[in-house]
Amino acid sequence: MSEQKPAEKKLIFSGIQPTGTFTLGNYIGAIRNWAPLQKEYRCVYCVVDEHAITVRIDPAKLRQKTLEAYAQLLACGIDLEKSLLFIQSHVPTHAQLSWVLNCSTQFGELSRMTQFKDKSQKHPDDVNAGLFDYPVLMAADILVYNADLVPVGEDQRQHLELARVIARRFNGRYGDTFTVPEAYIAPVGAKVMSLQEPTKKMSKSDENPNAVILILDDKDTIIRKCKRAVTDSESEVVFREGKDGINNLLTIYSAVTGKTIPEAEKEFDGQGYGTFKLAVGEAVADHLAPVREAYTRLISDKGYLKECYTRCGAEALRYSMRVLNKVYRKVGFVQSELH
Ligand code: ATP
Ligand code: LTN
């Protein structure tokens, strides 16, 4: 990534928490869009381990999951010739900027974030300040690169909207500093639902393994989970209100095969749920097989992974430092020779 941002190429930033193996929801809603974007944009991708400690996570597990997340992203097609992929805690400018942005964010705005409300309900014994402040660190991740576009799933739209508000407020107070980022949300599969409770989103931290397809699950496991997916008492494979389970499976099928929903409905016309579920399972497993293969290779080469995240982290630091220094100047900090 060159220091100067060429006018014609926009910058993409996205991050993902290393809280567990990635799900089909993470993959369809976010990650699988990351690789194709590399053709048109300059991309900066990040494993956000600092976000992950807003809920309690065992340190050894976090370390392992962070490396695994890094390898999974490479396996999903992130190309380090074109993009940067690094670990958030290696690049201190994110946390430094988030402190400054805290002072341009209102308590009321953070209180309205649905992810904060959900997660504080889920962990009532640990409603920590980091969980509350999570969206400001996310805004800093994005703004410290002056990103134009942020590919995320639907559930992150509210956080992104807040990042835009913070950027505009800062620019209004201190003069033009940040690019106001836009969300980039996939048209199909922006919200993949749980296989067991299809009104809830599929989530890495779900305790029921049958609710979630992991991108590293083997073929038999994927097929078994699809067969057990909760549907309804009818038998028609059609996308219709009230058929949450079938709608979700149709969305998944369409996302992995590239067929439209009406094409899929036609394909399974009169065939019943059993055949449909098996076909969904097979299509998902076939789609994910190359990712699984590449991952197995990558995770066994820790030396290579280290070389990659070190090089990318150093470059991300260099780039983001320029934006941070500008912010420090704007808010009135005395300039330092220390960085
Ligand atoms: P956790 O359970 O730890 O909160 P998560 O599975 O919700 O994790 P995140 O790390 O918060 O996943 O999200 C990573 C990316 O995947 C984000 O861009 C998010 O919008 C997207 N994403 C997460 N879940 C889904 C889903 N069910 N459908 C579509 N996109 C999703
Ligand atoms: N909050 C996001 C992860 C995340 C992110 C970001 C996404 C942290 N920083 C910056 C896009 C851009 C999540 O929970 N999925």
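In each ligand, atom 1 is the first atom listed, and ligand 1 is the first ligand listed. Keep in mind that this is a model prediction, so the values were computed, not measured. When a residue number appears, it is its place in the shown sequence, counting from 1.
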One finds that the ligand 2 atoms under 4.0 Å from a non-hydrogen atom of Tyr134 are 1 (N), 2 (C), 3 (C), 13 (C), 14 (O)

If the cut-off is 4.0 Å to any non-hydrogen atom of Val48, which atoms of ligand 2 fall inside it?
8 (C), 9 (N)

Check for me, please, whether Leu149 and Ile142 land in the same ILVMFWY cluster - side-chain distances under 4.5 Å, paths through other members count.
no

Parallel, tilted or perpendicular: which one describes the rings of Phe107 and Phe132, with boundaries at 30° and 60°?
tilted

Are Leu85 and Ile215 connected into the same hydrophobic cluster when the rule is that any two of I, L, V, M, F, W, Y join if their side-chain heavy atoms are below 4.5 Å apart?
yes

Angle class for the His94/Phe86 ring planes (parallel below 30°, perpendicular above 60°, tilted otherwise)?
perpendicular

Please identify which atoms of ligand 2 are closer than 4.0 Å to at least one heavy atom of Phe13.
10 (C), 12 (C)

Using the ring of each side chain (for Trp, its six-membered ring), is Tyr45 parallel, tilted or perpendicular to Trp34, with breaks at 30° and 60°?
parallel

In terms of relative ring orientation, are His159 and Tyr134 parallel, tilted or perpendicular, with 30° and 60° separating the classes?
tilted

Ignoring hydrogens, just give me the one of Lys119, Met138, His51, Gln156 whose non-hydrogen atom is nearest atom 15 (N) of ligand 2.
Gln156

salt_bridge(Glu234, Arg240) N-O dist < 4.0 Å:
yes

Between Asp286 and Lys219, does any NZ, NE, NH1 or NH2 come within less than 4.0 Å of an OD or OE carboxylate oxygen?
yes

Near Val152, which atoms of ligand 2 are under 4.0 Å from a heavy atom of that residue?
7 (C), 11 (C)

Electrostatic pair Glu109:Arg169 at N-O distance under 4.0 angstrom
yes

Mind checking whether Ser14 has an N or O less than 3.5 Å away from an N or O of ligand 2?
no

Enumerate the protein residues lying less than 4.0 Å from ligand 1, judged by heavy-atom distances, in chain and residue-number order.
Ile16, Gln17, Thr19, Gly25, Asn26, Gly29, Ala30, Lys119, Val152, Gly153, Asp155, Gln156, Gly189, Ala190, Lys191, Val192, Lys201, Met202, Ser203, Lys204, Ser205

For Asp155, is at least one N or O under 3.5 Å away from an N or O on ligand 2?
no

Any atoms of ligand 2 less than 4.0 Å from a non-hydrogen atom of Gln17? List them with their elements.
14 (O)

Give the atoms of ligand 2, by number and element, whose distance to some non-hydrogen atom of Ile142 is under 4.0 Å.
10 (C), 12 (C)

Got a salt bridge between Asp269 and Lys266, using NZ or NE/NH1/NH2 to carboxylate O under 4.0 Å?
no

Which of the listed options, Pro135, Pro151, Gly15, Gly153, holds the heavy atom that is closest to atom 5 (C) of ligand 2?
Gly15

Considering only the protein, which heavy-atom contact is closest to atom 9 (N) of ligand 2, and what is its distance?
Asp141 OD2, 2.6 Å

Hydrophobic clustering (ILVMFWY, side-chain heavy atoms < 4.5 Å, transitive) - are Ile252 and Val212 grouped together?
yes

Which atoms of ligand 2 have any heavy atom of Val150 under 4.0 Å away?
11 (C), 12 (C)

Ring centres under 6.0 angstrom apart (Tyr27, Phe22):
no

